[in-house]
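Let me begin by presenting the structure, written as structure tokens, before commenting on it.
Predicted, not measured: the structure shown is a model, and the values here were computed from it.
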Protein chains: 2
Amino acid sequence: MSLRHALLGLLADRPASGYDLLKLFDTSLANVWPATQSQIYSELNKLAAAGLIAVAAEGARGRKQYALTDAGRDELSRWLTETDPARNHRSEVLLRVFFLGEISRAQAHDYLAGLAADFAKEDQALRDLERSVDWDDGNLSVYGRIALEYGLRFSVMRREWAEWAAEQVGEQ
Amino acid sequence: MSLRHALLGLLADRPASGYDLLKLFDTSLANVWPATQSQIYSELNKLAAAGLIAVAAEGARGRKQYALTDAGRDELSRWLTETDPARNHRSEVLLRVFFLGEISRAQAHDYLAGLAADFAKEDQALRDLERSVDWDDGNLSVYGRIALEYGLRFSVMRREWAEWAAEQVGEQ
DNA sequence: AGATACATGTAACATGTTACATGATTTA
DNA sequence: TAAATCATGTAACATGTTACATGTATCT
């Protein structure tokens with residue numbers, strides 16, 4: 001049920017339409033909690049039916065601008081403070097590593113070396129993102145920066161691990 | 001479609017029944033690709049229908065021991081070498097961090113400090129696991145060890161990050 | 001006038017979780 | 001013989017993806 005809390009969280013910052021939220025997901029939440037247009041629109045209707053958000057204004061082209069209700073703000077706060085995050089396991093990368101014994105050592109080495117290169121690229125992309133963001137707007141900036149730092153440390157850790165693993169497997 | 005490849009990978013090591021596989025998922029793959037009993041049995045039927053596995057022997061209590069077919073081994077190898085892992089994003093932890101501005105600084109600090117403690121516990125659990133495993137049986141051992149090393153580095157990275165983040169937010 | 005961006009919605013399908021249902025064999 | 005373990009399966013529901021469908025407003 002995290003999608004609904006992602007929507008509540010974004011709407012806590014400012015009112016927005018489904019279309020606005022879709023773009024926010026594609027930019028700020030893309031690396032944290034991706035969601036599709038289809039999911040967003042139907043979840044917004046459920047949230048409105050549950051009274052956690054409400055249409056604050058209607059605009060051109062059928063635009064419905066949603067805002068958090070008091071119940072919605074309470075629910076967001078409750079989720080943040082009272083519920084435990086169900087840490088998500090499931091790593092397709094690790095699943096493959098588990099079964100690398102099924103292919104040759106050389107192929108396994110190349111796979112791991114390729115991973116290292118991918119992670120290095122990801123690291124670079126995050127560093128570019130870091131430079132492109134304006135880090136001067138309050139809370140969202142403080143915690144967005146902390147979330148980005150996680151991504152940076154994560155990509156470095158994975159690159160170093162993949163390099164180490166490739167070495168373990170050996171080139172031949 | 002990774003569940004099917006997880007099953008193929010386990011069956012590549014040795015033939016097994018759904019029940020055997022269920023236990024393998026709960027032990028060796030629990031931290032990599034969890035699956036439920038319900039999922040495993042229905043996927044085994046689909047894999048058998050697709051000709052990637054076959055019933056090699058039937059035992060007591062309706063036990064069906066499955067083994068990889070040649071087509072299954074090819075598919076596993078194809079998956080390992082020719083397809084790209086769709087890296088899984090989606091971190092409920094990071095989603096919460098993103099919205100910590102909605103609660104007080106003190107509450108946010110406590111949340112991050114609590115995360116650091118959780119990650120420290122996870123690290124300890126993995127180190128216990130490392131000690132309890134017999135690392136002397138070939139491929140599964142080599143690559144299982146590499147996967148575990150990922151988990152160890154990951155838990156350390158997250159603990160250090162959470163400690164850093166708690167400090168950033170400040171205790172008051 | 002045509003292209004692009006804005007804006008919302010539904011349908012079909014795949015994947016994943018929880019709970020229910022049933023029965024056989026082994027062990028204490 | 002009672003409990004635990006072995007063993008498989010189905011049903012209901014939640015979540016997530018892709019594709020289809022429709023129409024309006026703005027910009028060039």
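If you measure from atom CD of Glu58(B) to atom C1' of dT8(D), you get 12 Å, rounded to the nearest angstrom. What separates CG of Leu21(B) from P of dC6(D) is a distance of 14 Å, to the nearest Å. Atom CG in Asp26(B) sits about 12 Å away from atom P in dT17(C), given to the nearest Å. Distance, Leu7(B) CG to dG16(C) C1': 14 Å, rounded to whole Å. Between His5(B) atom NE2 and dA14(C) atom P the separation is 15 Å, expressed in whole Å. Going from atom CD of Glu92(A) over to atom P of dG16(C) covers 10 Å, rounded to whole Å. The interatomic distance linking Arg4(A) (CZ) with dG16(D) (C1') rounds to 16 Å, in whole Å. Atoms CE (Met1(A)) and P (dG16(D)) sit 11 Å apart, rounded to a whole Å.
Of the N and O atoms on the side chains of Ser17(B) and Asp20(B), at least one donor lies less than 3.5 Å from an acceptor on the other residue.
With sequence neighbours left out, Trp33(A) forms a ring-ring contact (aromatic ring centres under 6.0 Å, His included) with no residue at all. Listed by chain and number, the residues in a salt bridge (Lys or Arg N to Asp or Glu O under 4.0 Å) with Glu149(B) are Arg145(B), Arg153(B) (sequence neighbours excluded). For the ring-ring contact (aromatic ring centres under 6.0 Å, His included) test, residues two or more places apart in sequence or in another chain that qualify with Phe154(A) are Tyr150(A), Phe154(B).
Nearest-nucleotide mapping onto DNA chain C: of Ser42(A) and Pro34(B), the residue sitting toward the 5' end is Ser42(A).
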Contact letters for nucleotides 2-9 of chain C, in which S counts primed atoms plus P, OP1 and OP2 and B counts the base, heavy atoms under 4.0 Å: ---SBBBB
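Here Tyr41(A) is tied into one hydrophobic group with Tyr19(A), each link being a pair of ILVMFWY side chains closer than 4.5 Å.
Within the structure, a side-chain polar atom (N or O) of Arg90(B) is placed less than 4.0 Å from OP1 or OP2 of dT17(D). The shortest distance between the side-chain N/O atoms of Gln39(B) and the OP1/OP2 oxygens of dT17(C) is below 4.0 Å.
Note on Asp74(A) versus Arg78(A): no salt bridge recorded, every NZ/NE/NH1/NH2 to OD/OE distance being 4.0 Å or above.
Applying the ring-ring contact (aromatic ring centres under 6.0 Å, His included) definition to pairs two or more places apart or across chains, those involving residues 61-89 of chain A are His5(A)-Trp79(A).
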